[in-house]
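Numbers here are sequence positions counted from 1.
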Amino acid sequence: MTMEKALEVLVIGGNRYVGKRLLARLLAAGHRVTVLNRGSSPPPAGVEHLRADRDDESSLTGALGSRSFDVVVDQVCYTPRQAAIAHRVFSGRTRRYLMTSTVEVYEYEDSPALVREEAVDPATVPVDLELPWDDPAFLESHYGEGKRQAEAVFAAGGAALPYTAVRVAHVLGGDDDFTGRLAHYAERIRTGEPIAVPAVNRPATYVYVEEIARFLAWAAGEDFTGPVNAASSGALSTEELCVAVSAHVPGGRAEFRPVEVGEVSPFSFRRSYGMDNTRATRLGFTFGEARRWLPRAVAETLGKAG
């Protein structure tokens, strides 16, 4: 990827998985890149490192000093409180704020058609800063709501901080996938333990880890604003995922156990909310077909990539 102009880019968080791939792409494009985190892991060579707690406004402003940026890519904004701090600190410091959001903002949708961005308008989402966002258990159970309200804070900020919310589909691939979700399927296929799925199991949209890093690096150099869906083309079912996993488990065969209520496997869904990527296409980015990269992604994660 080659940009016409080198940009000053700040990446908040994101030293692993998608983040490390994003940093590599930004550097390869010739951008000047700075990473801000709490210092738990150093960034790669060629990246400036700022240490701060993004939840502590004084820590954040102190670390930044008088620095300004062309674009900020926020990989770790999960709550409206974090968004409110970021809005105060970065207004006037950057021409554009790029927040990685999630498909989970559509968790209340149940649409057989792929969902477009307007299904969740952040300008209409109520914000409650008094909810217990600092409670890890609350945050985990309200992940989609936290992202929705974070988007809403940026949307309400107006022209002071132009923003883009990249609504990322479920990410697959890479030998450093730390989620354990594909490993869940591999273990059950290996042992013959039934895989719990909803009685009516809906497909979902996904994105390859290299593809979402490519999209974020591309988006950093663009000037569009507002929400944008980031998903590969073609929804995948749990069964299709398990077929790909079974190819790496000798003699393995997936058995499914439909359940009416209760916990189900990581990539099985009672509702339909696959994302439509038309806006990204119109803006100039073309996502690949999920079925084409799925075998490679599974092989990488299960440690058997060729």
Using 0.5 Å steps for rounding, measure from the [atom1] atom of [X] to the [atom2] atom of [Y].
| X | Y | atom1 | atom2 | value |
| --- | --- | --- | --- | --- |
| Thr205 | Arg167 | OG1 | CZ | 12.5 Å |
| Glu151 | Arg148 | CD | CZ | 9.0 Å |
| Leu161 | Arg88 | CG | CZ | 12.5 Å |
| Asp74 | Tyr97 | CG | OH | 3.5 Å |
| Asn201 | Ile195 | CG | CD1 | 10.5 Å |
| Arg271 | Glu107 | CZ | CD | 6.0 Å |

Is the number of heavy atoms from other residues, nucleotides or ligands under 6.0 Å of [X] [atom1] greater than 12?
| X | atom1 | value |
| --- | --- | --- |
| Glu118 | CD | yes |
| Arg16 | CZ | no |
| Arg38 | CZ | no |

Criterion side-chain contact (heavy atoms from CB on, under 4.5 Å) on Phe224 and Thr164, from CA distance to verdict: CA-CA 7 Å; Phe224 63 88; Thr164 298; 3.5 Å; yes
ILVMFWY cluster, [X] and [Y] together (side-chain gap under 4.5 Å):
| X | Y | result |
| --- | --- | --- |
| Val89 | Val9 | no |
| Tyr163 | Leu60 | yes |
| Phe285 | Val207 | yes |
| Tyr185 | Val259 | no |
| Val35 | Leu50 | no |

Close side-chain approach of [X] and [Y], heavy atoms under 4.5 Å:
| X | Y | value |
| --- | --- | --- |
| Asn15 | Leu23 | yes |
| Pro80 | Asp128 | no |
| Arg279 | Arg116 | no |
| Arg93 | Leu10 | no |
| Tyr143 | Thr102 | yes |
| Val228 | Phe215 | yes |
| Val72 | Ile12 | yes |
| Trp133 | Gln149 | yes |

Can a donor-acceptor pair be found between the side chains of Asn37 and His49 at a distance below 3.5 Å?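 There is such a pair (donor and acceptor under 3.5 Å, judged by atom type) between the side chains of Asn37 and His49.
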Under 3.5 Å, is there a donor-acceptor pair between the Arg296 and Tyr208 side chains?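 Tyr208 and Arg296 do not have a side-chain donor-acceptor pair below 3.5 Å.
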Which residue is it: Asp134, Asp135, Asp55? I am looking for the one with a salt bridge (charged side-chain N to carboxylate O under 4.0 Å, His left out) to Arg81.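 That would be Asp134; it is the only one of Asp134, Asp135, Asp55 passing the salt bridge (charged side-chain N to carboxylate O under 4.0 Å, His left out) with Arg81.
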Ring-plane angle category for Phe90 and Phe69, please: parallel below 30°, perpendicular beyond 60°, tilted otherwise.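 Phe90 vs Phe69 ring planes: tilted.
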Plane angle bin for Tyr273 and His170 - parallel if under 30°, tilted between 30 and 60°, otherwise perpendicular: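 The arrangement is perpendicular - the two ring planes meet at more than 60°.
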Please go through Val200's hydrophobic cluster and name the other residues, only I, L, V, M, F, W, Y counting, with side-chain heavy atoms under 4.5 Å joining them.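 Result for Val200 is none, singleton.
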Evaluation steps, side-chain contact (heavy atoms from CB on, under 4.5 Å), between Asp70 and Lys5: CA-CA 11 Å; Asp70 293 302; Lys5 175 189 174 186; 4.2 Å; yes
Under 3.5 Å: donor-acceptor pair, side chain of [X], backbone of [Y]:
| X | Y | answer |
| --- | --- | --- |
| Lys147 | Thr100 | yes |
| Arg214 | Arg21 | no |
| Glu48 | Val33 | no |
| Asp53 | Ser58 | no |
| Ser265 | Ala196 | yes |
| Asn277 | Ala280 | no |
| Ser141 | Phe138 | yes |
| Ser246 | Cys242 | yes |
| Glu300 | Gly174 | yes |
| Thr238 | Phe267 | yes |

As a quick check of understanding, evaluate ring-ring contact (aromatic ring centres under 6.0 Å, His included) for Phe287 and Trp218, giving each step before the final call. CA-CA 12 Å; Phe287 283 98; Trp218 169 81; 8.7 Å; no
Side chain to side chain donor-acceptor pair (under 3.5 Å) for Arg67 and Thr34? Distances and angles first, verdict last. CA-CA 11 Å; Arg67 294 283 302 271; Thr34 302; 3.0 Å; yes
Evaluation steps, side-chain contact (heavy atoms from CB on, under 4.5 Å), between Val103 and Val168: CA-CA 6 Å; Val103 61; Val168 182; over 6 Å; no
Mind checking what makes salt bridge (Lys or Arg N to Asp or Glu O under 4.0 Å) contact with Arg202, not counting sequence neighbours?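 Testing Arg202 for salt bridge (Lys or Arg N to Asp or Glu O under 4.0 Å), a comparison that skips the adjacent residues, returns none.
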On a heavy-atom basis, which atom in [X] and which in [Y] lie closest, and how many Å separate them?
| X | Y | result |
| --- | --- | --- |
| Leu216 | Gln75 | CD1-OE1, 3.8 Å |
| Leu294 | Glu240 | CD2-O, 4.0 Å |
| Leu172 | Tyr17 | C-OH, 3.7 Å |
| Met275 | Ala169 | CE-N, 3.4 Å |
| Met99 | Ala150 | CE-CB, 3.7 Å |
| Ala230 | Ile212 | CB-CD1, 3.6 Å |

Step-by-step side-chain contact (heavy atoms from CB on, under 4.5 Å) determination, Thr124 to Asp121: CA-CA 6 Å; Thr124 67; Asp121 179 358; 3.7 Å; yes
Basic-acidic side-chain contact under 4.0 Å: Asp110, Arg270: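 Answer for the salt bridge query: no.
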Can you tell which of Glu289, Arg292, Arg291 makes a side chain to side chain contact (heavy atoms under 4.5 Å, CB included) with Ser233?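 Among Glu289, Arg292, Arg291, the one that satisfies the side chain to side chain contact (heavy atoms under 4.5 Å, CB included) with Ser233 is Glu289.
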